[in-house]
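Residues take their numbers from the sequence shown, with the count starting at 1.
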Amino acid sequence: MLHFCLFGGHGGSMAPGRRLYITLFGACELKRPTLARMIMEARENGKDFDPQRGCFFLTIFGGSGIKAPTMAEEYADMRDLLRSGAITHTDWERHASHLGSPPRIGSFTLFGAFDGDVLPTEEEELDAIAIQQQLGDLSDRIGRDLMLAIGRPSSQRFQAVRRATSNAAVA
């Protein structure tokens, strides 16, 4: 599948199945799906989950960027996936054990800029955690666990979500 942005701007989420993003004379800012969504996408398509399956960005005279989801989004999606029974803790452990980085991203940029792994700001992370706590979807203990991974590399972020979902199952 193809995503094409010409003489304009686009902001949104990376769509399932789209593997080629072309930006000409414009800007494209996308949010990477959570790990839980990537697992569900693979299952819905009848494929094995491949954390390294990636996509390609062609950017000419423009800018493209990919932003990681917040820790609260990662946690909420994984918790919901586990609660629904669509995946077991054993499956989650198996998937999380061979994660170390986000999906591979290929790019070619000419007279522009490309940023393939932007983390949410500390303010965005803290706001998302606070909102989830206010809604009662996130305990203070789990919120503190997630806060420890703010600004950390992907592998540490996934490990924090892994610990938080385990703690939620015990609680």
Side-chain angles (χ1 to χ4, degrees), residues 11-19 21 28-55 57 64-106 114-171:
S13 298
M14 292 179 76
R18 289 213 175 118
R19 300 291 172 232
Y21 294 84
C28 183
E29 293 293 328
L30 299 173
K31 188 175 221 176
R32 184 173 46 80
T34 63
L35 175 60
R37 290 180 195 268
M38 288 189 280
I39 292 170
M40 283 309 299
E41 174 193 341
R43 286 193 171 195
E44 287 171 359
N45 293 328
K47 299 177 183 172
D48 288 331
F49 173 66
D50 178 7
Q52 294 302 312
R53 186 169 178 218
C55 54
F57 283 77
S64 296
I66 304 168
K67 193 171 203 174
T70 65
M71 296 296 298
E73 290 170 320
E74 286 280 8
Y75 170 77
D77 282 357
M78 187 55 68
R79 181 202 59 216
D80 292 346
L81 189 61
L82 289 165
R83 282 184 182 168
S84 72
I87 188 173
T88 66
H89 275 283
T90 306
D91 290 336
W92 165 223
E93 293 289 329
R94 183 171 45 86
H95 292 313
S97 68
H98 53 275
L99 287 171
S101 60
R104 280 183 289 206
I105 307 284
F114 177 77
D115 197 348
D117 193 22
V118 178
L119 292 176
T121 65
E122 184 175 352
E123 183 178 335
E124 290 171 324
E125 293 276 20
L126 294 174
D127 285 349
I129 289 171
I131 289 169
Q132 292 295 320
Q133 287 176 326
Q134 287 289 343
L135 294 172
D137 291 338
L138 195 67
S139 71
D140 288 340
R141 178 180 175 202
I142 292 172
R144 284 190 302 272
D145 287 347
L146 295 177
M147 283 183 210
L148 293 174
I150 292 174
R152 303 288 184 183
S154 294
S155 60
Q156 293 176 14
R157 294 170 64 83
F158 289 133
Q159 291 305 317
V161 171
R162 187 177 180 187
R163 274 192 311 277
T165 54
S166 296
N167 290 342
V170 172

Where do Ile105 and Ile66 land on the side chain to side chain contact (heavy atoms under 4.5 Å, CB included) test, with the steps shown first? CA-CA 10 Å; Ile105 307 284; Ile66 304 168; 3.6 Å; yes

Just how far is it from atom OG of Ser13 to atom CZ of Arg32, taken to the nearest 0.5 Å? 11.5 Å

In a table with atom names and distances, give each donor-acceptor pair under 3.5 Å that connects a side chain of residues 118-125 to protein atoms at least two apart or in another chain.
from: Thr121; atom 1: OG1; to: Glu124; atom 2: N; distance (Å): 3.1
from: Thr121; atom 1: OG1; to: Glu124; atom 2: OE1; distance (Å): 3.4
from: Glu124; atom 1: OE1; to: Lys67; atom 2: NZ; distance (Å): 2.9
from: Glu124; atom 1: OE1; to: Thr121; atom 2: N; distance (Å): 2.8
from: Glu124; atom 1: OE2; to: Lys67; atom 2: NZ; distance (Å): 2.9
from: Glu125; atom 1: OE1; to: Met71; atom 2: N; distance (Å): 2.7
from: Glu125; atom 1: OE2; to: Arg157; atom 2: NH1; distance (Å): 2.9
from: Glu125; atom 1: OE2; to: Arg157; atom 2: NH2; distance (Å): 3.0

Excluding sequence neighbours, so at least two apart, what forms ring pair (Phe, Tyr, Trp, His ring centres under 6.0 Å) with Phe57? Tyr21, Phe114

Can you name the side chain to side chain contact (heavy atoms under 4.5 Å, CB included) partners of Gln156, sequence neighbours left out? Arg152, Pro153

Main-chain N/O of Val161 paired with Glu74 side-chain donor or acceptor, under 3.5 Å: no

Less than 4.5 Å apart, side chain to side chain, heavy atoms only: is that true for Arg83 and Arg79? yes

Taking all atoms of both residues into account, what is the closest heavy-atom pair of Met14 and Cys55, and its distance? CE-SG, 3.4 Å

Rounded to the nearest 0.5 Å, what separation is found between the CZ atom of Arg37 and the CD atom of Glu73? 8.0 Å

Sorted by chain and number, sequence neighbours left out, side-chain hydrogen bond (donor to acceptor under 3.5 Å, both in side chains) with Ser64 holds for Thr23, Thr59

Less than 4.0 Å between a side-chain N and a carboxylate O, is that true for Arg163 and Asp145? no

Only distances under 3.5 Å count here; give the side-chain donor-acceptor pairs of residues 126-139 to other protein atoms, sequence neighbours excluded, each with its distance to 0.1 Å.
from: Ser139; atom 1: OG; to: Ile142; atom 2: N; distance (Å): 3.2

